[in-house]
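Have a look at the structure below, then the notes.
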Amino acid sequence: MSIETIIQKATVEAVKTLYAAEVSEKQVQVQNTRKDFEGDITIVVFPFLRLSKKSPELTAEDLGQYLTEKVELIDSFNVIKGFLNLVVSKDYWLGILTESFGNENYGFQQTGEDSELVMVEYSSPNTNKPLHLGHIRNNLLGHSISEILKANGKKVIKTNIVNDRGIHICKSMYAWKQWGNGETPESSGMKGDHLVGKYYVEFDKHYKAEIAELVEGGMEKEEAENQAPSIIAARELLRKWEAKDEETVELWKTMNGWVYKGFDVTYKTLGVGFDKIYYESDTYLVGRDEVLRGLDEGMFFRKEDNSVWADLTGEGLDQKILLRSDGTSVYMTQDIGTAKMRFNDYPIDKMVYVVGNEQNYHFQVLAKLLDKLGFKWGNDLYHFSYGMVELPSGKMKSREGTVVDADDLVEGMVQVARDMSAELGKLDNLSEEESENTFRMIALAALKYFILKVDPRKNMMFNPEESIDFNGNTGPFVQYTYARIKSVLRKSAEKNITISDSIGVESISVKEKELLKRISLFPSVVTEAGDNYSPAVIANYCYELVKEFNQFYHDHSILGETDENIRNFRLLLASSVSSVIQKGMGLLGIEMPERM
RNA sequence: GCCUCGGUAGCUCAGUUGGAUAGAGCAACUGCCUUCUAAGCAGUAGGUCAUGGGUUCGAAUCCCGUCCGGGGUACCA
């Protein structure tokens, strides 16, 4: 039981005894004592004044005396205004160390047979262009939230729905046929997804030129957009694809194959992966059948032009199209089909969609539709809605080339890590392979931490020039602290010092106690991150922890300490901190180097 | 227009179910490496928490209005 809970329970008793009144544990407001006051845990007494019919100070005195007397773990108390500050005994804090040291599961809940099964969808790329910074945020959030859910005792299946069909890929296909001269990843040395993306841009260039020409010839812009030869050709390809035209399907397979190979490299670099991948080309027909079933069963209706709609006006939403007048599927149709396939494949308890906040409305509608169609988790699907990544130049647009490419970004950061390490003269005695591996680790830590430390729901700013930082509140700073601890532990092993888990210290310093408090918070931080779907909570916790450790490290010598009991205690403390750092950062998908 | 999310230091961000004097990092300035890694530590400076009301012992936090910005809004995904 945590100290907070113990105090809450005891306070309920105290109020009952002293004032003959009933309060619930939740009504007892406990918080960590501010650093500038003496004490560890503070109770806010204002809510009890009505019951005590005394001043805040006297009420706090009453409660303080009672608690100090009855609760063994409380040593003393002091009162400032309406705040009762309690001093918790050192033995309690030392107990935290016993609990966390060498405990692989500290702070994590285990999964069992009856654990909830959560499916997390993330990434979900289109296959006509390479991944960019926006996808990076999505992938990192998806991967991290999956790990956090696992740490909260859920069974997690990570899934990806690949948008592999539609007009977008046909545009790339047409451009490649037209102007590609048979170029392949092998012949050009280009990564497959970049090659296909190149033709997507190529398409747009020609398309825009054609529109301009038509408009100059006196055509209205809107009509020109529909009459340009390129778009007509792309639409023709889409029709051929839907009709399963052999040559078209073959080209589609080839070009998608290039893209997948490229994506795999990027995913591997980012350290993300999936347990099950779905393809829109498989699911959209299933969706169409579901919609037609809904139509038969009277849940949906058909308009005069043959399009199929759901009427959600009774539930505070609008009417939503489900099948176009020509019978083809829309985005919503595909999501219904994908849901149905997943539902058939797994006994899903909860579905989490990691998708940007521009689709908030879409998921509101999807939840209602799935519910109507009889999926038990439909109504409480969770849309993990995150904000966009903005650049100093404004929003990113693929076609206008204002995107930050994922592969380029990572490579750039690795180079910065390389340069900085060279400048600091670190890692000089490591092998080429080891140091390259470390540069990569550092670069990815910087990138991942930068993105994950901010509240997922908010839009965030990324400045490629300035956001790449390795000092202060950054991933490398956390790694650096870890590497420092590892270095101390290596040196202690070299000196044949064995770390004992029995602690025999008379007193502990303020910094040491602060560190123990931080460690004790880890389990509740993991829970909070899971409840709120927030990797940022973990990131900020790790930062506070390592900041605290660096202060301790600066003020206290570990191996230089002559008192063996104290030295042993500090080694235990450092070791526990390092393992909490590793576990916490692991939830963000960030690896810790042994040295840097 | 309607729906929705946001506005905290020059910049990027934290800020617990409403609690004590609103915190970090970057950038600027000042100190600290013959001592376990200076990617560190300590310090100075920087705030009308967009704005006006309300609720209460107490509001950056809850409610209402206003201003500014992002996103969505029936056959793009």
Side-chain angles (χ1 to χ4, degrees), chain A residues 26-27 29 31-34 36-37 42 44-47 49-50 56 80-83 85 124 126 163 166-168 280 303 305-312 316-326 328-332 334-335 356-362 364-365 385 387-388 390 392 395 417 420-421 423-424 426 442 446 450 453-455 457-463 466-467 469-474 476-481 483-492 524 528 532 536-537 539-540 543-544 546-547 550-551 553-561 570 574 595-596:
Chain A
K26 274 210 145 181
Q27 285 173 277
Q29 288 183 45
Q31 52 190 269
N32 294 315
T33 305
R34 286 181 67 105
D36 31 355
F37 297 106
T42 294
V44 184
V45 302
F46 289 109
L49 300 187
R50 211 166 34 84
I80 293 166
K81 293 198 268 181
F83 300 91
N85 302 324
S124 310
N126 288 349
N163 301 307
I167 191 73
H168 50 85
E280 194 183 292
K303 283 193 180 174
D305 65 359
N306 218 32
S307 54
V308 177
W309 295 71
D311 184 2
L312 301 170
L317 301 172
D318 287 326
Q319 294 189 350
K320 189 77 188 174
I321 189 161
L322 300 177
L323 287 177
R324 292 194 189 95
S325 42
D326 64 3
T328 56
S329 321
V330 294
Y331 181 32
M332 189 62 74
Q334 291 148 18
D335 259 355
N357 62 12
E358 71 249 329
Q359 288 180 34
N360 286 353
Y361 185 70
H362 173 84
Q364 244 179 300
V365 173
S385 163
M388 351 194 67
E390 289 161 3
K395 281 179 63 181
M420 184 165 294
S421 295
E423 197 180 309
L424 294 172
K426 304 207 173 186
I442 295 168
F450 184 85
K453 78 173 176 189
V454 323
D455 185 337
R457 290 165 304 188
K458 291 188 179 173
N459 288 358
M460 65 179 292
M461 172 64 73
F462 187 89
N463 183 334
E466 292 172 14
S467 298
D469 202 340
F470 293 78
N471 300 315
N473 189 358
T474 66
F477 172 51
V478 180
Q479 289 179 317
Y480 174 71
T481 309
R484 271 180 149 182
I485 296 175
K486 285 294 159 175
S487 173
V488 171
L489 294 177
R490 272 195 305 274
K491 289 206 161 77
S492 91
S524 63
E528 191 193 339
N532 298 325
V537 168
N540 289 315
Y543 175 65
E544 301 287 337
V546 300
K547 190 152 178 58
N550 279 318
Q551 291 168 13
Y553 182 89
H554 184 264
D555 294 351
H556 302 76
S557 181
I558 300 173
L559 296 175
E561 173 58 49
R570 289 183 185 160
R595 54 193 95 215
M596 72 181 271

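Here is how names work: the chains are called A, B, and so on, in the same order as the sequence lines, proteins then strands, and each is numbered from 1. All values below were derived from every heavy atom in this structure, side-chain atoms included, with hydrogens, water molecules and symmetry-related copies excluded.
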- Cut-off 3.5 Å, side chains only: do A:Asn306 and A:Ser325 have a donor facing an acceptor? no

- For residues A:Asn360 and A:Ser385, is any side-chain donor paired with an opposing acceptor at under 3.5 Å? yes

Between [N] ([atom2]) and [X] ([atom1]): distance, integer Å:
X	N	atom1	atom2	result
A:Leu49	B:G58	CG	C1'	12 Å
A:Glu390	B:G7	CD	C1'	13 Å
A:His168	B:A77	NE2	P	8 Å
A:Gln29	B:U17	CD	P	11 Å
A:Tyr361	B:C76	OH	P	16 Å
A:Ile80	B:U21	CD1	C1'	12 Å
A:Glu358	B:C76	CD	C1'	12 Å
A:Asn357	B:G69	CG	C1'	13 Å

Please state the [atom1] separation for the pair [N] and [M] - nearest whole angstrom.
N	M	atom1	answer
B:U21	B:A59	P	11 Å
B:C41	B:U4	C1'	45 Å
B:U16	B:A20	P	11 Å
B:C33	B:G7	P	43 Å
B:C57	B:G18	P	15 Å
B:C26	B:A9	C1'	12 Å
B:A38	B:U56	C1'	50 Å
B:C64	B:U17	C1'	23 Å

Can you identify which nucleotide, out of [options], has its nearest atom closest to the [X] side chain?
X	options	value
A:Met420	B:G7, B:A77, B:A39	B:A39
A:Leu559	B:G23, B:C75, B:C36	B:C36
A:Gln31	B:G19, B:C75, B:C41	B:G19
A:Val488	B:C75, B:U37, B:C41	B:U37
A:Phe46	B:C57, B:A74, B:A38	B:C57
A:Glu280	B:A77, B:C75, B:G19	B:A77
A:Ser557	B:C36, B:G19, B:A39	B:C36
A:Phe83	B:G6, B:G70, B:G19	B:G19
A:Ser487	B:G40, B:C41, B:C36	B:C36
A:Lys458	B:C75, B:G6, B:G40	B:G6

Using a cut-off of 4.0 Å on non-hydrogen atoms, how would the nucleic acid contact of [X] be classed: base, sugar-phosphate, or nothing?
X	value
A:Asn532	nothing
A:Lys426	base
A:Val454	sugar-phosphate
A:Gln334	sugar-phosphate
A:Asn126	sugar-phosphate
A:Ile442	base
A:Met460	sugar-phosphate
A:Phe470	base
A:Gln319	base
A:Arg595	base
A:Lys81	sugar-phosphate
A:Thr481	nothing

- Task: Enter syn or anti for the glycosidic conformation of B:C33, syn applying to angles within 90° of 0.
- Result: syn

- Item | Centroid distance under 5.5 Å and plane angle under 30°, A:Phe37 vs B:A20 | yes

Contact summary for [X] and [Y], nearest pair of heavy atoms:
X	Y	result
A:Asn163	A:His168	O-CE1, 3.2 Å
A:Arg570	A:Ser557	NH1-O, 2.8 Å
A:Pro47	A:Gln29	CG-NE2, 3.7 Å

Given [N], is OP1 or OP2 found less than 4.0 Å from the side-chain N or O atoms of [X]?
X	N	answer
A:Arg34	B:G23	yes
A:Arg484	B:A38	yes
A:Lys303	B:A74	no
A:Arg324	B:A77	yes

- SB check A:Arg324 A:Asp326 (cutoff 4.0 Å): no

- Does a salt bridge link A:Lys303 with A:Asp305, judged by any charged N lying under 4.0 Å from a carboxylate O? no

- Task: Could you give me the CA-CA distance, side-chain angles and deciding distance for A:Asn550 and A:Thr481, then say whether side-chain hydrogen bond (donor to acceptor under 3.5 Å, both in side chains) is met?
- Result: CA-CA 7 Å; A:Asn550 279 318; A:Thr481 309; 3.1 Å; yes

- Query: Side-chain contact, heavy-atom cut-off 4.5 Å: A:Glu358 with A:Met388?
  - Reply: yes

- Heavy-atom side-chain contact between A:Tyr331 and A:Gln359 under 4.5 Å: yes

Between the base of [N] and the side chain of [X], is one N or O donor paired with an acceptor at under 3.5 angstrom?
X	N	answer
A:Thr42	B:A20	yes
A:Asp455	B:C13	no
A:Asn471	B:A38	no
A:Ser307	B:A74	no

- Note on the structure: Result for 5'-nearest mapping on RNA chain B, choosing between A:Tyr480 and A:Ala536, is A:Ala536

- Item | Residue mapping more 5' on RNA chain B - nearest nucleotide basis, A:Met332 or A:Phe450 | A:Phe450

- Item | Pairing partner of B:G69 (Watson-Crick or G-U wobble, both distances under 3.5 Å) | B:C5

